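This structure is a prediction, so every number in the text was calculated from the model and none was measured. Remember, it's 1-based here, ligands and their atoms both numbered in the order they're listed. Position 1 is the first residue of the sequence; numbering continues from there.
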Amino acid sequence: MADFSKTFDVLVVGGGNAALCAAITARRGGASVLVLEYAPQAFRGGNSRHTRNLRYMHKQGNDFLTGPYLEDEFWDDLLRVTGGKTNEQLARFMIRKSEDMLDWAIAHGVRFQPPLSGTLSLARTNAFFLGGGKALVNAYYQVARTLGVEIAYDSEVCDLAIRDGRFSSAVVEQNGASRKVRAKTVVVASGGFEANIAWLKEGWGELAENFLIRGTPYNKGRMLRVLLDHGTKRVSEPDQCHAVAIDARAPRFDSGIVTRVDCVCFSIVVNREAKRFYDEGEDIWPKRYAIWGRLVAQQPGQIAYALIDSKSQGLFMPTVFPPIEANTIRELAVKLELDPDALDDTVTVFNRAVRPGVFDSTGLDGCATEGLDPPKTHWARPLDTPPFYGYPLRPGITFTYLGVAVNERAQVIMQDDQPARNIYAAGEIMAGNILGQGYIAGIGMTIGSVFGRIAGEEAARNVSN
Ligand SMILES: Cc1cc2nc3c(=O)[nH]c(=O)nc-3n(C[C@H](O)[C@H](O)[C@H](O)COP(=O)(O)OP(=O)(O)OC[C@H]3O[C@@H](n4cnc5c(N)ncnc54)[C@H](O)[C@@H]3O)c2cc1C
């Protein structure tokens, strides 16, 4: 049980990767540290516990990665997906700082697995955690505890006392009671606001009612609201987020990675009117998976259906929900509650438009449609080999980008462009500095790990000065 009567050197708000990196680093820097995690212990670790890998700069391959990934390539990848909506100086700084991340994680109990092959093609750029993000989070909690970091669960921080850019105390709710916690510095690592449907509606309108949230229900953005209300400078927009297509049968929150539907590039995707609406084979899946949440969100009722035939079974990561199966397209339409005539027509027109080519599931191949709008530019094969399969899709929100501005010291920036005196931010809450839009796999953990460690270091230094 944490002793709330004392004044801590560093208060860390949140209990995911960014928070734990900050807490461990601050403690190693000699500070007394309290972590306040909104979730109960069994659900600690925020979205970080759902992760599988991290992207980091490295000069050569190793036991976990097949080759080098240098600053300029990392930067080019980021620039492409963000369309320039990123802070180059801060992003390049983060990329360089990521270089020792793997060693740091290993030194703090995280284990990695040998390079993976498969549809995400990340074997050179991203290191995969053995046991996933949950194992990483558990390792960090273990280290934090051993170092003497105090941790309280079921503890929602509801307010921060901030005056002229200086923090002095926090209000925390525990089991319905409000308590005051004093600290000399604060690191806010409480995630985005993706689990707050009302806030998502500010960016998306009523469409957000049909969104599913892939991660923790505890990231409601309360700290983000408090910081913005206290005059911190904001980055990105309320509708910017990472969103993928997930199985529509997934629960509202916390379904994690197993509901992501990865067959899209081998499928045709139709809306509830049984019409196709986008080129399913535009590019390789790692470069396109993050656009499908948004695409499905723009369809009537925010629902769509990915359809494959038996030829495509086994080419992609299976989902936890088995597909809906039928021996004819008309029968599949009935099972998916689509108009059988309309779906039959869409499939017939698609099949006729497919041109002969050599199918290759591992790279951009020559299988395309001709004279079809929208086209399918790769992996186009007729749906003609039963059984046929359908996956219902909904937008699955991973995390939001609207956040607080920070500098290279992870200091929160106020509206007058001056850094706050003792307030630091790390992880999703400041991800919008790097990600104004778009996403590259594994960068969520880069952002949290790099800025978490910097925030912890800076907060400890601030106290000792
Ligand atoms: C299904 C899924 C898979 C993903 N896979 C990957 C991947 O493989 N690689 C990758 O890089 N990224 C991945 N991401 C994104 C990644 O999870 C995030 O970018 C990263 O974990 C963010 O870390 P964080 O510490 O900022 O936030 P989180 O890990 O979400 O932690 C936020 C914490 O703050 C707590 N909190 C919230 N509000 C309060 C409050 N008011 N008071 C106290 N505590 C509060 C929450 O309970 C939580 O513990 C994935 C996300 C999801 C949902």
query: Taking 4.0 angstrom as the limit, do E202 and R225 come out as a salt bridge?
result: yes

query: So which heavy atom in the protein is nearest atom 41 (N) of ligand 1, and how far is it from that ligand atom?
result: V157 O, 2.9 Å

- prompt: Side chain, backbone, both or neither: which part of L36 comes within less than 4.0 Å of ligand 1 when only heavy atoms are counted?
  reply: backbone

message: Looking only at protein heavy atoms, which one is nearest to atom 28 (P) of ligand 1, and what is the separation?
response: N47 N, 3.5 Å

task: Mark up the atoms of ligand 1 that fall under 4.0 Å of a heavy atom belonging to G256, in ascending order.
output: 1 (C)

message: Evaluate I429 for polar contact with ligand 1, using N/O atom pairs at a separation under 3.5 Å.
response: no

- prompt: Nearest to atom 8 (O) of ligand 1, what protein heavy atom do you find, and at what distance?
  reply: R52 N, 2.8 Å

query: What atoms of ligand 1 come within less than 4.0 Å of a heavy atom belonging to F399?
result: 15 (C), 19 (O)

query: Using a heavy-atom cut-off of under 4.0 Å, does the side chain or the backbone of I443 touch ligand 1, or both, or neither?
result: backbone

field: Atoms of ligand 1, numbered as shown, that sit under 4.0 Å from any heavy atom of G427
entry: 26 (O)

task: For R124, look at atom CZ and say whether over 12 heavy atoms of other residues, nucleotides or ligands are found less than 6.0 Å away.
output: yes

message: Using a 3.5 Å cut-off on N or O atoms only, is L54 in polar contact with ligand 1?
response: no

- request: List every atom of ligand 1 that sits less than 4.0 Å from any heavy atom of G46, numbering the atoms from 1 in the order shown and giving each element.
  value: 28 (P), 29 (O), 30 (O), 31 (O), 48 (C), 49 (O)

task: May I ask you to check whether F112 and F128 place their ring centres under 6.0 Å from each other?
output: no

task: Using a strict cut-off of 4.0 Å, indicate which atoms of ligand 1 neighbour a heavy atom of G215.
output: 53 (C)

- request: Measure F43 to ligand 1 on non-hydrogen atoms and call it side chain, backbone, both or neither using the 4.0 Å cut-off.
  value: neither

message: Centre-to-centre under 6.0 Å for Y278 and W292, is that the case here?
response: yes

- request: For atom 36 (N) of ligand 1, state which one of G448, A426, S190 supplies the nearest heavy atom.
  value: S190

task: Tell me, please, whether W75 has R80 positioned over its six-membered ring: NZ or CZ under 6.0 Å from the ring centre and within 45 degrees of its axis?
output: no

message: Between R92 and D72 (salt bridge meaning N to carboxylate O under 4.0 Å), is one present in this structure?
response: yes

field: Sequence-distant partners of E458, side chain to side chain donor-acceptor pair (under 3.5 Å), two or more places apart
entry: R409, R461

- prompt: Nearest protein heavy atom to atom 18 (C) of ligand 1, by residue and atom, and its distance?
  reply: E428 OE2, 3.3 Å

- prompt: Who's the nearest protein heavy-atom neighbour of atom 3 (C) of ligand 1, and how far?
  reply: H50 O, 3.6 Å

Nearest option to atom 9 (N) of ligand 1, as decided by whichever heavy atom of I397, I246, N53 sits closest: N53

field: atom 6 (C) of ligand 1 - nearest protein heavy atom and its distance
entry: T51 CG2, 3.4 Å

query: For atom 32 (C) of ligand 1, which protein heavy atom lies nearest, and how many Å away is it?
result: N219 OD1, 3.5 Å

Listed pairs under 3.5 Å, donor-acceptor, residues 149-158 side chains, sequence neighbours left out:
residue	atom	partner	partner atom	Å
E150	OE1	D3	N	3.4
E150	OE2	K6	NZ	2.7
Y153	OH	R44	NH1	2.8
S155	OG	Y153	O	2.7
S155	OG	Q174	NE2	2.9
E156	OE2	R222	NH1	3.3

task: Answer side chain, backbone, both or neither: which part of C158 comes under 4.0 Å from ligand 1, heavy atoms only.
output: neither

field: atom 23 (O) of ligand 1: the protein heavy-atom neighbour that sits closest, reported with distance to 0.1 Å
entry: S48 OG, 3.3 Å

message: Is it the case that over 12 heavy atoms from other parts of the model lie below 6.0 angstrom from the NZ atom of K201?
response: yes

- prompt: Can you find an N/O atom of G15 closer than 3.5 Å to an N/O atom of ligand 1?
  reply: yes

- prompt: For ligand 1, which atoms sit closer than 4.0 Å to a heavy atom of A18?
  reply: 25 (O), 26 (O)

query: Is R453 paired with D100 through a side-chain N to carboxylate O contact shorter than 4.0 Å?
result: yes

message: Looking only at the aromatic ring of each residue, does the gap between the centers of Y140 and W104 stay below 6.0 angstrom?
response: yes

- line: OG of S267 to CG of L393, rounded to nearest 0.5 Å, is 7.5 Å

message: Check this for me - ligand 1, R214, N or O atoms closer than 3.5 angstrom, yes or no?
response: no

message: For Y218 and Y38, take the angle between the two ring planes, folded into 0 to 90°, and tell me which bin it lands in: parallel under 30, tilted 30 to 60, perpendicular over 60.
response: perpendicular

field: For E156, atoms of ligand 1 separated by under 4.0 Å from a heavy atom
entry: 41 (N), 42 (N)

task: Report the part of A189 in contact with ligand 1, treating N, CA, C, O as backbone and CB onward as side chain, heavy atoms under 4.0 Å; options are side chain, backbone, both, neither.
output: backbone

task: Given salt bridge (Lys or Arg N to Asp or Glu O under 4.0 Å), test R166 with D164 step by step and report yes or no.
output: CA-CA 6 Å; R166 181 177 285 284; D164 299 329; over 6 Å; no

message: Taking the six-membered ring for Trp, are H242 and Y289 closer than 6.0 Å centroid to centroid?
response: yes

query: Once you round to the nearest 0.5 Å, how far does CG of L336 lie from CG of L307?
result: 6.5 Å

field: Geometric N/O contact Y38 with ligand 1, under 3.5 angstrom
entry: yes

field: Proximal ligand 1 atoms for G14, defined as those under 4.0 Å from one of its heavy atoms
entry: 33 (C), 34 (O), 35 (C), 44 (N)

query: Between E194 and R214, is there a side-chain N and carboxylate O pair less than 4.0 Å apart?
result: no

task: Report yes or no: does a heavy atom of S155 sit under 4.0 Å from some atom of ligand 1?
output: yes

message: On a heavy-atom basis, I'd like to know which of T216, N126, T398, L224 is closest to atom 53 (C) of ligand 1.
response: T398

- request: Could you give me the CA-CA distance, side-chain angles and deciding distance for L136 and N17, then say whether side-chain contact (heavy atoms from CB on, under 4.5 Å) is met?
  value: CA-CA 8 Å; L136 172 138; N17 174 56; 3.8 Å; yes

query: Does ligand 1 have any atom sitting under 4.0 Å from a heavy atom of Y439?
result: yes

message: In this structure, does ligand 1 have an atom that sits under 4.0 Å from one of the heavy atoms of V13?
response: yes

